[in-house]
Colleague: 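There's a structure below that I have some questions on.
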Protein chains: 2
Amino acid sequence: MNKAARTKQFIVEKTAPVFNEKGYAGTSLTDMTNATGLTKGSIYGNFANKDEVALAAFEYNIRQITDIIRQEKAKHDTYRGKLLAYVHTYNNFLKHPFPAGGCPILNTATEADDTHPALKERAAWALGKWKEAVMQDITRGILQGEFDKDTPVEQAALTILAMVEGCLMITKLTGKMHYRNAIMQSLETFIREL
Amino acid sequence: MNKAARTKQFIVEKTAPVFNEKGYAGTSLTDMTNATGLTKGSIYGNFANKDEVALAAFEYNIRQITDIIRQEKAKHDTYRGKLLAYVHTYNNFLKHPFPAGGCPILNTATEADDTHPALKERAAWALGKWKEAVMQDITRGILQGEFDKDTPVEQAALTILAMVEGCLMITKLTGKMHYRNAIMQSLETFIREL
DNA sequence: TTAAAAATATACCAATCGGTATAATAATTC
DNA sequence: GAATTATTATACCGATTGGTATATTTTTAA
């Protein structure tokens, strides 16, 4: 890993939380130089434009979360346990190195909707991957006899995603932790009833 | 209603969809003059600054939705019917004059989180009002014997909100209508099981 | 209808935006 | 260790940002 690659990585790591908190349009080059301590020339020597940094930062934030989830899922053998890992992870997300600013998919979905199609595409892709992962857990759980074999797999997966994202949004907006606990309680019930 | 008040209203109506689509930071004064056909001087003669217009536009978008929901709820006598009105309204929201850009609470929650505290406060307030309305429907439904008397009222209300907002986010990001239908199906089931 | 008041348009402000050419510096290769 | 290449900093670009002072036009009240 040569100097250039290291600096590139450094820029991504330092700007990722800023992009996630302030959004794409809200993050200026000045924010980026402040976050990194580097100058504009230095940043533009490693990236073609702000878009490239934003995209790389988004990927970084996504990977941050998927790594945590994968780790937590691995702790459980049953597929119900793996699904419940979402509940417990998000319910204690202060314990984990979650990206500052919350869920990057949620953040990107609303802002980049009309303004930044490339970023929106990445966010949609990430959501799709997440959906597939949950669907796979449900499908395998059905095969293992853990879940009802008549479970509508895609619908259940989408419902889990919606509850998690809705929960994150409400918690972020209100700051009330018992709101989060309440919604996560419902999600747990939903998963246990599959 | 004198000229000034009419112009103020006109500015709000024309800029409200722009703010909701592009966000607060993403909407420039040029966007506002384009949307209204007025000049900067004219806008600043009626509002102190961009903040004031953004706040008024947010209130306008919120009222737009609450009016529709109130109307749809009034069509049903039962409280279960009133709750299901959320499902049916959002499921056919193309039929209604919903604000362009989707749910203003969702849009504001993510963007204004760190950047615009006043707007965030209004969004949190609107969400709180919504939560209270749903809780009231559930409480009255319990008194009427429609719902199980052991229903955790606040938890159920928050879950409904989370599912709706999560659904809106996923639909906005992916554009897939059958995702929306699936999640709304789960919400309907949830309400019917209260 | 005319005078006072209010609303709108024009022209401008400093500051910041994203981006770049060039010079200086550091890393790499021979 | 010297030469070359890659990386970073400086200084600047035009365009756009939010905002304002002033002039002009339009409402409103007498």
Colleague: Output a table of donor-acceptor pairs, distance under 3.5 Å, between side-chain atoms of residues 155-167 of chain B and any protein atom two or more places apart or on a different chain; print 'none' if there are none.
Modeller:
from, atom 1, to, atom 2, distance (Å)
Q155(B), NE2, S186(A), OG, 3.0
T159(B), OG1, S186(A), OG, 2.6
T159(B), OG1, Q155(B), O, 2.7

Colleague: Is the distance between the ring centroids of F190(B) and F190(A) less than 6.0 Å?
Modeller: no
Colleague: Do D148(A) and T151(A) get their side chains close enough for a donor-acceptor pair, meaning under 3.5 Å?
Modeller: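 No - no donor-acceptor pair under 3.5 Å links their side chains.
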Colleague: For DNA chain D, what residues of residues 25-35 of chain A have any heavy atom nearer than 4.0 Å?
Modeller: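 Here the set is empty: none.
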Colleague: When hydrophobic residues are tied together by side-chain contacts of less than 4.5 Å, even through go-betweens, does F10(A) share a cluster with Y44(A)?
Modeller: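 In one cluster with F10(A): Y44(A), yes.
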Colleague: Hydrophobic clusters here meaning ILVMFWY residues chained together by side-chain heavy-atom distances under 4.5 Å, can you tell me if V18(A) and L29(A) are in one?
Modeller: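 They do not share one cluster, since no chain of ILVMFWY contacts under 4.5 Å joins V18(A) to L29(A).
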Colleague: Between the protein and nucleotides 3-6 of chain D, which nitrogen or oxygen pairs come in under 3.5 angstrom?
Modeller:
none

Colleague: Would I65(B) and M169(A) show up in the same hydrophobic cluster when neighbours are defined by side-chain heavy atoms closer than 4.5 Å?
Modeller: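 Yes; tracing contacts between hydrophobic side chains, which count when under 4.5 Å, links both residues.
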Colleague: May I have the list of side-chain donor-acceptor pairs in residues 49-57 of chain A shorter than 3.5 Å, sequence neighbours left out?
Modeller:
from, atom 1, to, atom 2, distance (Å)
N49(A), OD1, D51(A), N, 3.4
N49(A), OD1, E52(A), N, 3.2
K50(A), NZ, Y24(A), O, 3.3
K50(A), NZ, T27(A), O, 2.7
D51(A), OD1, Y24(A), OH, 2.6
D51(A), OD2, H116(A), NE2, 3.2
E52(A), OE1, A48(A), N, 3.2

Colleague: Using a strict heavy-atom distance below 4.0 Å, which residues from residues 37-55 of chain B are in contact with DNA chain D?
Modeller: K40(B), Y44(B), N49(B), K50(B)
Colleague: What do the steps show when you test D137(B) against R80(B) for salt bridge (Lys or Arg N to Asp or Glu O under 4.0 Å), and what is the final call?
Modeller: CA-CA 8 Å; D137(B) 286 334; R80(B) 176 167 278 120; over 6 Å; no
Colleague: Could you pull out all residues at least two apart from E13(B) that satisfy salt bridge (Lys or Arg N to Asp or Glu O under 4.0 Å)?
Modeller: none
Colleague: Ignoring hydrogens and angles, state whether a donor on the side chain of K172(A) or N107(A) is under 3.5 Å from an acceptor on the partner side chain.
Modeller: yes
